[in-house]
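The block underneath contains the structure these notes are about, expressed in structure tokens.
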Amino acid sequence: MAEFSKGLEGIIAAQTQMSFINGQEGILEYVGIPIGELATNSTFEETVFLLWNKRLPKASELDTFNKQLRERYALPAGLQNRLASLPTNAQPMHVLRTMVSALAMHDSDPNSLEIDDVRLKALNILGHAPSIVACFDRHRRGLNFIDPDPSLSFSENFLYMLNGEKPTKAMARAFEICMITHADHGLNNSTFAARVVISTLSDIYSAITAAIGSLRGPLHGGANEGVMHMLNEIKSVEEVESHVLGKLERKEKIMGFGHRVYKAKDPRASELQTLAKQLAEDTGNSALYEKSSKIEEVMEREVASKGIYPNVDFYSATTYHCIGLALDLFTPMFALSRIAGWSGHVIEQLEDNRLFRPAADYIGPHEQPYVAIDKR
Ligand code: SDX
């Protein structure tokens, strides 16, 4: 029997061909390609194809993939009606988790585990999820739904359905870089959740629903919203030092910093920092970026020696804010992208499955008598 490892720290629980992470050196590759190369040169759709097929697509294959995805932007009518009936104060991550789960009821064979079927269901979820978020956000703002535009890319169409107007090329590209950098990341908590669920031979809708539930947590995908709350709390760059030192003093975690695997700067944070700086300047949000980089400077001085550096969530907050997204849509954005990774891991698990069933170390009493209730 293996030793107890709290939080499964350091335990290898799966093998994957999608993401390689070197935590000591701050390296992330998707199928061997450095994340910076993909963020600079790839599209989100091409990155999804890479993760699901373990190779880059030929031009004709990418055209086919784009077409298959765009056919799935439109929501089933029943789902639109459900969205329109939701309370407008519902939280977007609860809406996304619930509506992805509801997609199973609009699938004629939701439980099929044939790999080709599962791939198509993954495309379904990937194509529908942005429309779910955009439609709900418009519903809660009292606006009508915008029909998808299949001539637009994943990123362009989401921003179009959300705002009712086509995004600028710069905004669409910034959003796409966020999607590329968040797509997969080894056996993180939400990916593990997806693998655990599908390992019982359940279904992909249940697996992705479980993953969304996990991602909402502030120690995981919810951190990007936590970063924005912190940036809003800190009124000026001059206040950063005292604010950060106070939190460290009170042993409060600084959202967007630290990582179970990275003990160097998360390479995605570097990619998103470059993007955040440019976007902040372009949108008159330079103060936001200056506060962020001051926080990083203080944290570098105070805790870098403990291996605590910015992670993917730290600069994604400023980026999403500058793109014009509401704060409580930040974690749903993480989810839209990570559906790619979750689905890829569901397929990998099905291709070489073994039910996840770790052991628990019983530390309670033994041989206890059953005491009648009137004697307790
Ligand atoms: C994501 O796993 C993935 O790959 C996740 C992810 C992905 O792409 O899927 O990369 C996405 O989830 C990124 C992480 C987002 N979460 C946050 O930003 C929340 C803040 N971070 C921390 O809660 C923490 O760093 C974790 C949860 C991310 C990792 O925590 P660990 O590995 O369990 O480490 P720990 O909590 O045991 O901390 C070790 C020490 C502690 O100090 P001591 O008690 O030893 O003195 O480091 C300190 C912690 O207090 N520490 C922090 C800190 N993170 C760790 N101190 C202040 N601020 C922080 N952010």
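Not measured: the values here are computed from a predicted model. Along the sequence shown, the residues carry numbers beginning at 1.
- Panel note: side chain Asp137, backbone Val133; no donor-acceptor pair is recorded below 3.5 Å.
- Side-chain contact, Asp184 with His345: a donor N or O sits under 3.5 Å from an acceptor N or O.
- The backbone N or O of Met333 lies less than 3.5 Å from no partner atom in the side chain of Ser337, so there is not a single donor-acceptor pair.
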task: Walk me through it: do Ile180 and Thr43 pass the test side-chain contact (heavy atoms from CB on, under 4.5 Å)?
output: CA-CA 7 Å; Ile180 291 168; Thr43 65; 5.6 Å; no
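- Residues Ser42 and Glu46 have side chains that bring a donor and an acceptor to within less than 3.5 angstrom of each other.
- Classification of Lys265 and Glu296 as a salt-bridged pair holds, one side-chain N sitting under 4.0 Å from a carboxylate O.
- Defined by atom type and a distance below 3.5 Å, a donor-acceptor pair is present between the side-chain atoms of Glu238 and Ser236.
- Atom CG of Asn311 and atom CZ of Phe314 lie 9.5 Å apart (nearest 0.5 Å).
- A distance-only check finds no donor-acceptor pair linking the side chain of Asn232 to the backbone of His229 [under 3.5 Å].
- Taking 4.0 Å as the cut-off between side-chain N and carboxylate O, Glu348 and Lys54 count as a salt-bridged pair.
- Checking Thr181 against Glu271 by side-chain atom types alone, no donor-acceptor pair falls below 3.5 Å.
- Using a 3.5 Å distance cut-off with no hydrogens or angles, the side chains of Ser206 and Asp203 do pair a donor with an acceptor.
- Note that CG of Asp313 and CG of Leu219 are 11.0 Å apart. Values are rounded to the nearest 0.5 Å.
- Here the side chains of Ser316 and Gln273 are not in contact, with every heavy-atom distance at 4.5 Å or above.
- By the 6.0 Å contact criterion, CZ on Arg250 is enclosed, its count of non-hydrogen atoms from other residues, nucleotides or ligands being greater than 12.
- Glu351 CD: more than 12 foreign heavy atoms inside a 6.0 Å radius.
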message: For a side-chain contact (heavy atoms from CB on, under 4.5 Å) check, start with the C-alpha distance between Arg119 and Ile204, then their side-chain angles and the critical distance, and finish with the verdict.
response: CA-CA 10 Å; Arg119 280 171 175 272; Ile204 187 169; over 6 Å; no
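- In this structure, Ile27 is not a member of the same hydrophobic cluster as Leu187, with clusters built from ILVMFWY side-chain heavy atoms closer than 4.5 Å.
- The ring-ring contact (aromatic ring centres under 6.0 Å, His included) test applied to Phe192 returns Phe356, not counting sequence neighbours.
- Of all heavy-atom pairs spanning Ser19 and Gly186, the tightest one is CB-N, 3.5 Å.
- To the nearest 0.5 Å, the span separating OH on Tyr73 from CZ on Phe158 amounts to 12.0 Å.
- Checked by atom type and distance alone, the side chain of Lys291 pairs as donor or acceptor with a backbone atom of Leu231 at under 3.5 Å.
- Identified under the side chain to side chain donor-acceptor pair (under 3.5 Å) test for residues 157-167, with sequence neighbours left out: Asp149-Lys166.
- Between Thr283 and Ile323, the closest side-chain pair of non-hydrogen atoms is not below 4.5 Å.
- Between the side chains of Asn224 and Thr331, at least one donor-acceptor pair of N or O atoms lies under 3.5 Å.
- Atoms CD and CD, from Glu45 and Gln68 in turn, are 12.5 Å apart once rounded to the nearest 0.5 Å.
- Glu156 places a side-chain N or O within 3.5 Å of a backbone atom of Ser153 that can act as its donor or acceptor partner.
- Between Cys178 and Phe44, the closest side-chain pair of non-hydrogen atoms is not below 4.5 Å.
- Donor-acceptor pairing under 3.5 Å is lacking for the side chains of Gln349 and Ser199.
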- prompt: After noting the C-alpha distance and the side-chain angles of Gln91 and Val95, does the key distance pass the side-chain contact (heavy atoms from CB on, under 4.5 Å) rule?
  reply: CA-CA 6 Å; Gln91 291 177 27; Val95 171; over 6 Å; no
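- Distance CD/Glu302 to NZ/Lys247: 15.0 Å, rounded to 0.5 Å.
- At a threshold of 4.5 Å between non-hydrogen side-chain atoms, the residues Asn41 and Glu37 count as touching.
- Put simply, the side chain of His139 gets close to the backbone of Leu86: a donor and an acceptor are under 3.5 Å apart.
- Looking at Leu350 and Leu201, their side chains come closer than 4.5 Å, going by heavy atoms from C-beta outward.
- Contact record, Ala223 with Gly256: CB-N, 4.2 Å, taken as the closest heavy-atom pair.
- A salt bridge is absent between Lys277 and Glu290; no separation between the charged side-chain nitrogens and carboxylate oxygens falls under 4.0 Å.
- With Arg55 contributing its side chain and Leu50 its backbone, the two residues share no donor-acceptor pair below 3.5 Å.
- Atom CD of Glu3 has 12 or fewer neighbouring heavy atoms from other residues, nucleotides or ligands inside a 6.0 Å radius.
- Within the 3.5 Å criterion, the main-chain N or O of Phe20 finds no donor-acceptor partner in the side chain of Tyr30.
- Applying the salt bridge (charged side-chain N to carboxylate O under 4.0 Å, His left out) test to residues at least two apart or on different chains, the pairs with a partner in residues 66-79 are Lys67-Glu71.
- With hydrogens and angles ignored, the 3.5 Å screen pairs a side-chain donor or acceptor of Asp107 with a backbone N or O of Asp109.
- Side-chain contact of His182 with Arg338: a donor-acceptor pair under 3.5 Å is absent, judged by distance alone.
- At least one test fails for Arg97 against the ring of Tyr205: distance under 6.0 Å to the centre or angle within 45° of the axis.
- Scanning all heavy atoms of the two residues, the minimum distance from Leu159 to Phe175 falls at CD1-CB, 4.0 Å.
- By the 4.0 Å N-to-carboxylate-O rule, Lys121 lies too far from Asp117 to be salt-bridged with it.
- In terms of heavy atoms, Met228 sits closest to Ala317 at SD-O, 3.9 Å.
- Taking CZ of Arg140 as the start and CG of Asn89 as the end, the distance is 10.0 Å to the nearest 0.5 Å.
- Contact between Arg138 and Asn144 at its shortest, heavy atoms only, is NE-O, 2.6 Å.
- With 3.5 Å as the limit, one finds no donor-acceptor pair spanning the side chains of Thr64 and Glu61.
- Between the side chain of Glu176 and the backbone N or O of Ser155 there is no donor-acceptor pair closer than 3.5 Å.
- For the pair Glu241 and Arg301, the minimum side-chain heavy-atom distance is below 4.5 Å.
- Within 6.0 Å of atom CG in Leu355, more than 12 heavy atoms from other residues, nucleotides or ligands are found, so the atom counts as buried in its surroundings.
- Tracing side-chain contacts under 4.5 Å through hydrophobic residues (I, L, V, M, F, W, Y), one reaches Ile347 starting from Leu69; they form part of the same cluster.
- Summarising the local packing, CD of Glu249 is surrounded by 12 or fewer heavy atoms from other residues, nucleotides or ligands at distances under 6.0 Å.
- Heavy atoms of other residues, nucleotides or ligands lying less than 6.0 angstrom from CZ of Arg354 number 12 at most.
- When all heavy atoms of His128 and Leu75 are compared, the pair lying nearest together is O-CD2, 3.6 Å.
- Between Trp342 and Ser190, the side chains place a donor N or O and an acceptor N or O closer than 3.5 Å (distance only, hydrogens not considered).
- Side-chain atoms of His185 and Arg268, non-hydrogen and from C-beta on, do get closer than 4.5 Å to each other.
- For Tyr309 and Tyr262, the distance between ring centers is not under 6.0 angstrom.
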